[in-house]
Peer 1: 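Once you've had a glance at the structure underneath, I'll fire off some questions.
Numbering of ligands and ligand atoms starts at 1, following listing order. In this text the structure is predicted, and so the values were computed from the model without any measurement.
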Amino acid sequence: MRRITQDTAGGPEVLHVTDAPVPEPIPTEIRVRVTAAGVNPVDTKVRAGGAGLGDDMTAPPFTVGWDVAGVVDAVGMGVTRFAVGDRVFGMPWFPREAGGYGEYVTAPSRQFAHIPDGVDDVTAAATPLAALTAWQIVVDTADVQCDQRVLVHAAGGGVGHLAVQIAKTRGAYVVGTASASKHAELAALGLDEAIDHHTQDVARATRDIDVAVDLTEVNGPSSLAVTRPGGLLVCVPSGVPEGLTEQAHAEGKRVTDFLVEPDGIALTGIARLLAEGALSVRVAGTFPLEEAASAHRELEKGSTFGKLVLTL
Ligand SMILES: NC(=O)c1ccc[n+]([C@@H]2O[C@H](COP(=O)([O-])OP(=O)(O)OC[C@H]3O[C@@H](n4cnc5c(N)ncnc54)[C@H](OP(=O)(O)O)[C@@H]3O)[C@@H](O)[C@H]2O)c1
């Protein structure tokens with residue numbers, strides 16, 4: 001099978017196509033023939049050697065990629081929920097190597113869900129990592145309630161535009177930061193109030209936030225400033241910045257880091273939202289697998305609206 005490999009950490013140019021044996025599923029695993037693979041910032045961070053997720057994530061040779069959609073091609077002993085030919089999507093193995101940028105992936109069946117009818121493979125591949133992140137923050141971590149005020153800081157990104165929608169399904173009032181060009185489309189996805197972080201000071205542009213979801217690399221302090229006493233700040237990209245926990249406690253606020261986990265049950269819930277049209281995943285662009293480096297260059301510009309996907 002073909003897959004994208006890197007023999008050293010570095011820029012997008014280290015990604016290249018290689019041949020590898022097709023993996024065999026062991027008991028409880030399925031093998032998926034991948035038709036599309038989502039691209040996420042963690043892929044670019046691991047490629048560059050700086051994800052901060054442990055040595056397993058950076059020891060080359062390595063195949064990045066955790067978002068896959070495709071067709072079940074073989075099932076191991078004990079698998080009852082999937083059969084050969086089923087269309088599935090998932091975020092297998094994270095944060096261990098999954099080999100998502102490759103033609104075949106094997107993983108425990110419960111790390112996958114069925115792709116709903118009417119959802120194409122590219123959209124399905126764009127969904128798992130970003131949607132599980134949004135779900136596990138909004139639902140599992142923050143347990144957002146009806147009428148709570150939620151801030152999604154970086155609402156126009158892959159995770160952000162889904163966090164907005166999932167918070168809306170919980171009945172929240174959602175404030176989001178994004179470039180002005182994204183505001184109208186985010187409003188159509190349910191965003192109640194948009195802040196242009198290029199022209200407005202986020203720390204002063206809103207207040208009384210119950211749950212702040214900070215998806216930016218730098219702005220934990222701004223999000224904390226607008227969080228009400230008793231409220232919760234989730235620092236998503238690289239944990240809680242130094243000193244912020246102490247400041248939060250002094251102000252009577254809560255702050256936590258977060259790392260997404262494979263979760264077939266949550267993914268089944270996400271699939272239901274997709275099927276009902278309650279969740280819309282924006283695909284900003286597609287690239288053939290061989291052009292993974294171009295996809296990384298595009299994502300690293302830092303202004304993608306939605307998701308990038310590799311097609312196989
Ligand atoms: N801990 C975890 O489990 C986990 C899971 C998923 C993602 N993440 C991390 O979360 C971050 C976001 O992921 P993603 O997939 O959504 O990334 P993405 O799709 O690349 O989105 C980045 C978005 O951030 C916006 N942005 C950049 N700087 C901003 C700022 N200062 N204020 C407001 N918006 C800003 C940009 O929109 P504009 O054009 O509007 O500026 C861009 O659309 C990444 O660092 C990723 O690694 C962590």
Peer 1: Consider ligand 1: state whether an atom of it lies below 4.0 angstrom from any non-hydrogen atom of Gln136.
Peer 2: no

Peer 1: How does Leu129 reach ligand 1, by side chain, by backbone, by both or by neither, if only non-hydrogen atoms under 4.0 Å count?
Peer 2: side chain

Peer 1: Counting only nitrogen or oxygen atoms and a 3.5 angstrom limit, does Thr304 reach ligand 1?
Peer 2: yes

Peer 1: Any N/O of Lys182 closer than 3.5 Å to an N/O of ligand 1?
Peer 2: yes

Peer 1: May I ask you to check if ligand 1 and Ala178 share an N or O to N or O distance below 3.5 Å?
Peer 2: no

Peer 1: Nearest to atom 33 (C) of ligand 1 by heavy atom, Met91, Glu217, His197: which?
Peer 2: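 Selected option, by shortest heavy-atom distance: His197.
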
Peer 1: For ligand 1, is any non-hydrogen atom under 4.0 Å from His198's backbone (N, CA, C, O), its side chain (CB onward), both, or neither?
Peer 2: side chain

Peer 1: With a 3.5 Å cut-off and no angle check, do the side chains of Thr5 and His16 form a donor-acceptor pair?
Peer 2: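 No - no donor-acceptor pair under 3.5 Å links their side chains.
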
Peer 1: Does ligand 1 have an atom that lies less than 4.0 angstrom from a heavy atom of Gly302?
Peer 2: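 Gly302 counts as a contact of ligand 1 under the 4.0 Å cut-off.
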
Peer 1: Out of Gly306, Ser179, Cys235, whose heavy atom is nearest to atom 40 (O) of ligand 1?
Peer 2: Ser179

Peer 1: Please state which part of Val159 comes within less than 4.0 Å of ligand 1, counting heavy atoms only: side chain, backbone, both or neither.
Peer 2: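 Contact part for Val159 vs ligand 1: both backbone and side chain.
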
Peer 1: Measure the acute angle between the ring planes of Phe82 and His114, then classify it against the limits of 30° and 60° as parallel, tilted or perpendicular.
Peer 2: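 Ring orientation, 0 to 90° scale: tilted.
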
Peer 1: Under 6.0 Å from the ring centre and within 45 degrees of the ring axis: does the NZ or CZ of Arg3 meet both conditions for the six-membered ring of Tyr101?
Peer 2: no

Peer 1: Do ligand 1 and Leu299 have nitrogen or oxygen atoms that lie under 3.5 Å from each other?
Peer 2: no

